[in-house]
Amino acid sequence: MSTAPFGRAQLRLALTAPRPAHGLTSEWRLIGGVRTHTRRSADPGTGAPPVVLVHGLAVSHRYLTPLALALAPTHQVYVPDLPGFGLSERPRGAYDVRQHAEHLAAWLAAYRLPPVCLLGHSFGAEVAAALAATHPAAVRALVLAGSTSDPAARSRRAQFGRWLVDTLRESPWQAPVLTRDLWDARPWRVLATLSHSVRNTIETDLVRITAPTMVIGGERDPVAPAVWRDQMTRLVPDARLVVVPGAAHNVATTAPTAVADAIRHLLALDPALTDR
């Protein structure tokens, strides 16, 4: 498994919403009083479980577009924008991890989805872990990609420092996506959400997860480094670890085929996961 360049074509696709593009469409639903945007693909009719992608801090559905397209031939894919991010409505305050998890649980109920394969990236992995721990019946399989926040760097200063290192390892074509997402969220919300992130002890959720779980990350990820990935894998019962060579933190963006293949492999390991 290897990385692929995030270039001009991928940038155009990432910034397309709400216009339809390559089978992806946008819609809004009122969830818990918040008008929530979702980017979704068509049902390919394979019977495979739907996949829900949860974005990280300061970003949105946009940077997960490459992964959504990589999964779309075999899975119906949903990429909601969390409250305050992307094209979703901006509530007055910044949600913490628990509030985002409960909002996502309400979103799943509104869409009447069967138990899903849930992928969370970065801060989104914290939200996904909280949802899997508190609403186990909603999650058929769990993928934690580049999860924050490593206990060895659980402060805003440390996380920001690691993020600065990561920017030197990522494709510069991602910068316009980040700029647009930061503008949509507003800097104050990003900082407030980062504060919530570093106060969240994800370990208490990891040990409660019962769904088949994969921890995946980029080999060169400074935000979720190898020691932290290994620790997470040990904490989640029977979790599997996948490391994508050459990738940095935004592994779902720069290595979408590798991540999609790893998800399909996770689902194939348990026949019950493919019976939907």
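Atoms considered below: every heavy atom in the structure, side chains included; atoms not considered: hydrogens, waters and symmetry mates. If you're wondering where the values come from, they're calculated on a predicted model, not measured in any experiment.
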Problem - Donor on one side chain, acceptor on other, Q10 and T65, under 3.5 Å - result: no
Practice task
Determine the interplanar angle of the Y78 and Y111 rings, folded into 0 to 90°, and report it as parallel if under 30°, tilted if 30 to 60°, perpendicular if over 60°.
Solution key: perpendicular
Fill in the blank from the handout: dist E203:CD -> D205:CG (nearest 0.5 Å) comes out at 9.5 Å
Problem - Verdict with reasoning, L57 to W163, per side chain to side chain contact (heavy atoms under 4.5 Å, CB included) - result: CA-CA 11 Å; L57 178 69; W163 177 78; over 6 Å; no
Exercise for the section: Tell me whether L15 is reachable from Y63 by hopping between hydrophobic residues (I, L, V, M, F, W, Y) whose side-chain heavy atoms are closer than 4.5 Å. Expected result: yes
Exercise for the section: Would you confirm whether H22, through its side chain, and L69, through its main-chain N or O, come within 3.5 Å as a donor-acceptor pair? Expected result: no
Problem - Pair T254-E170, side-chain donor/acceptor within less than 3.5 Å - result: no
Practice task
Please examine the side chains of V79 and L24, heavy atoms only from C-beta on, and report whether any two atoms are closer than 4.5 Å.
Solution key: no
Problem - Separation of D96 CG from N200 CG (nearest 0.5 Å) - result: 8.0 Å
Exercise for the section: For residues V177 and V59, determine if any side-chain heavy atom of one lies less than 4.5 Å from a side-chain heavy atom of the other. Expected result: no
Problem - Donor-acceptor contact below 3.5 Å, side chain T193 vs main chain R189 - result: yes
Problem - Backbone N/O of A158 and side chain of S155: donor-acceptor pair under 3.5 Å - result: yes
Practice task
Please tell me if the side chains of Y95 and V34 come closer than 4.5 Å, counting only heavy atoms from C-beta onward.
Solution key: yes
Handout entry: pair W228-Q231: side-chain heavy atoms closer than 4.5 Å
Key = yes
Handout entry: Criterion side-chain contact (heavy atoms from CB on, under 4.5 Å) against P49, the qualifying member of L267, V116, L113
Key = L267
Handout entry: Side-chain donor or acceptor of E27 paired with backbone N/O of T38 under 3.5 Å
Key = no
Exercise for the section: Give the minimum heavy-atom separation between V244 and A258, together with the two atoms involved. Expected result: CG1-CB, 4.2 Å
Problem - Any side-chain heavy-atom pair of L104 and L118 under 4.5 Å - result: yes
Exercise for the section: Could you tell me the separation between the NE2 atom of H55 and the CZ atom of R39, rounded to the nearest 0.5 Å? Expected result: 14.0 Å
Problem - Residues H103 and T36: side-chain donor-acceptor under 3.5 angstrom - result: yes
Problem - Same apolar cluster: W107 and L87, side chain cutoff 4.5 Å - result: no
Exercise for the section: Calculate, to the nearest 0.5 Å, the distance between atoms CG and NE2 belonging to L53 and H121 respectively. Expected result: 11.0 Å
Exercise for the section: Give the cluster check for V243 versus V236: same hydrophobic cluster or not, with ILVMFWY residues linked at side-chain heavy-atom distances below 4.5 Å. Expected result: yes
Practice task
Please tell me if the side chains of E102 and H135 come closer than 4.5 Å, counting only heavy atoms from C-beta onward.
Solution key: yes
Exercise for the section: Walk me through it: do V51 and V143 pass the test side chain to side chain contact (heavy atoms under 4.5 Å, CB included)? Expected result: CA-CA 10 Å; V51 179; V143 181; over 6 Å; no
Practice task
Please test I202 against S147 for side chain to side chain contact (heavy atoms under 4.5 Å, CB included), starting from the C-alpha separation and ending with a verdict.
Solution key: CA-CA 9 Å; I202 188 176; S147 179; 3.4 Å; yes
Practice task
Using a strict 4.0 Å threshold on nitrogen-to-oxygen distance, state whether D150 and R162 make a salt bridge.
Solution key: yes
Exercise for the section: Kindly give the heavy-atom pair with the smallest separation between R140 and A211, and that separation in Å. Expected result: O-CB, 4.1 Å
Practice task
Heavy atoms only: give me the nearest R264-A70 pair and the separation to one decimal.
Solution key: NH2-O, 2.6 Å
Practice task
Please say which of D181, T253, T16, D81 ends up in a side-chain hydrogen bond (donor to acceptor under 3.5 Å, both in side chains) with R62.
Solution key: D181
Exercise for the section: Write down the atom of W28, the atom of P18, and the distance for their closest heavy-atom approach. Expected result: CH2-CB, 3.6 Å
Practice task
Indicate if V190 and V223 have the same hydrophobic cluster label, given that clusters are the connected sets of ILVMFWY residues with side-chain heavy-atom separations under 4.5 angstrom.
Solution key: no
Problem - Shortest non-hydrogen contact between G246 and R220, atoms and distance - result: O-CD, 3.6 Å
Problem - Flag if over 12 foreign heavy atoms under 6.0 Å of CH2, W183 - result: no
Problem - Heavy-atom pair of closest approach, residues P115 and A137 - result: CG-O, 3.4 Å
Practice task
Using modelled atom types only, decide if a donor and an acceptor are shared between the side chain of D43 and the backbone of Q76 within a distance under 3.5 Å.
Solution key: no
Handout entry: R169 and D166 ion-paired at < 4.0 Å
Key = no
Completion exercise
CD1 of I209 to OG1 of T134, rounded to nearest 0.5 Å, is 10.0 Å
Exercise for the section: Answer with yes or no whether the hydrophobic clustering places L206 together with V198; edges join I, L, V, M, F, W, Y residues whose side-chain heavy atoms lie under 4.5 Å apart. Expected result: yes
Handout entry: Aromatic ring pairing H100/F123, orientation class (parallel under 30°, perpendicular over 60°, tilted between)
Key = perpendicular
Exercise for the section: Side-chain contact test, heavy atoms from C-beta onward, threshold under 4.5 Å: evaluate it for L82 versus S88 and give yes or no. Expected result: no
Completion exercise
Rounded to the nearest 0.5 angstrom, the CD1-CD1 distance for I216 and I263 is 7.0 Å
Problem - Side-chain heavy-atom pair P212, D238 within 4.5 angstrom cut-off - result: no
Handout entry: With P50, the side-chain contact (heavy atoms from CB on, under 4.5 Å) member among P114, C117, S41
Key = P114
